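Bear in mind that the values here come from a model prediction, so they are computed numbers and not experimental data.
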Amino acid sequence: MAWYSKALGLVGQPVGVSLTNGQGVTGVLCSLTGGSVVLQEYLYQSQFATKQYPFNTVRDINGFPGCAVPGPLF
């Protein structure tokens, strides 16, 4: 799992997760425990869900890049 070491430094940060089935999910990386990646994902309105993805279903985890434009956009 080449992604594991990188992901340890991303706990508590917004990440994108590439899954082995070709899908991708985004959220805040909560933990890497018990053989699962635990991610808090936004659903809608003010609802969030904590989801678990077994290590063998994860292809890669990447932190979000910084914004290209500083400051608020109006």
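Hydrophobic cluster membership differs between Val28 and Tyr53, with clusters built from Ile, Leu, Val, Met, Phe, Trp and Tyr side chains linked at under 4.5 angstrom. Hydrophobic clustering keeps Tyr42 apart from Val37 (ILVMFWY residues linked when any side-chain heavy atoms are closer than 4.5 Å, directly or through intermediates). Taken together through direct or relayed side-chain contacts under 4.5 Å among Ile, Leu, Val, Met, Phe, Trp and Tyr, Phe64 and Val17 form parts of separate hydrophobic clusters. Side-chain heavy atoms closer than 4.5 Å link hydrophobic residues (I, L, V, M, F, W, Y) into clusters, and following such links, even through other members, never connects Val38 to Val25.
A distance of 8.5 Å separates CH2 in Trp3 from CG in Leu8, rounded to the nearest 0.5 Å. Here Asn21 contributes atom CG and Arg59 contributes atom CZ; the two are 8.5 Å apart, rounded to the nearest 0.5 Å. Expressed to the nearest 0.5 Å, how far OG of Ser31 lies from CG of Leu39 amounts to 9.5 Å. Distance check: Phe48 CZ to Leu43 CG gives 8.5 Å after rounding to the nearest 0.5 Å. With rounding to the nearest 0.5 angstrom, the CD1 atom of Ile61 is 9.0 Å from the OG atom of Ser18. From Thr57, atom OG1 reaches atom CD of Gln52 across 11.0 Å, with rounding to the nearest 0.5 Å.
Within the structure, salt bridge (Lys or Arg N to Asp or Glu O under 4.0 Å) pairs that include any residue of residues 49-58 comprise Glu41-Lys51 (at least two apart or interchain). Note on residues 12-39: no pairs pass salt bridge (Lys or Arg N to Asp or Glu O under 4.0 Å), not counting sequence neighbours.
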Asp60 and Lys6: CA distance, side-chain angles, deciding distance, side-chain contact (heavy atoms from CB on, under 4.5 Å) verdict:
CA-CA 9 Å; Asp60 199 9; Lys6 174 176 52 171; 2.9 Å; yes
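Across every non-hydrogen atom of Pro54 and Ser36, the tightest pair is CA-OG, 4.0 Å.
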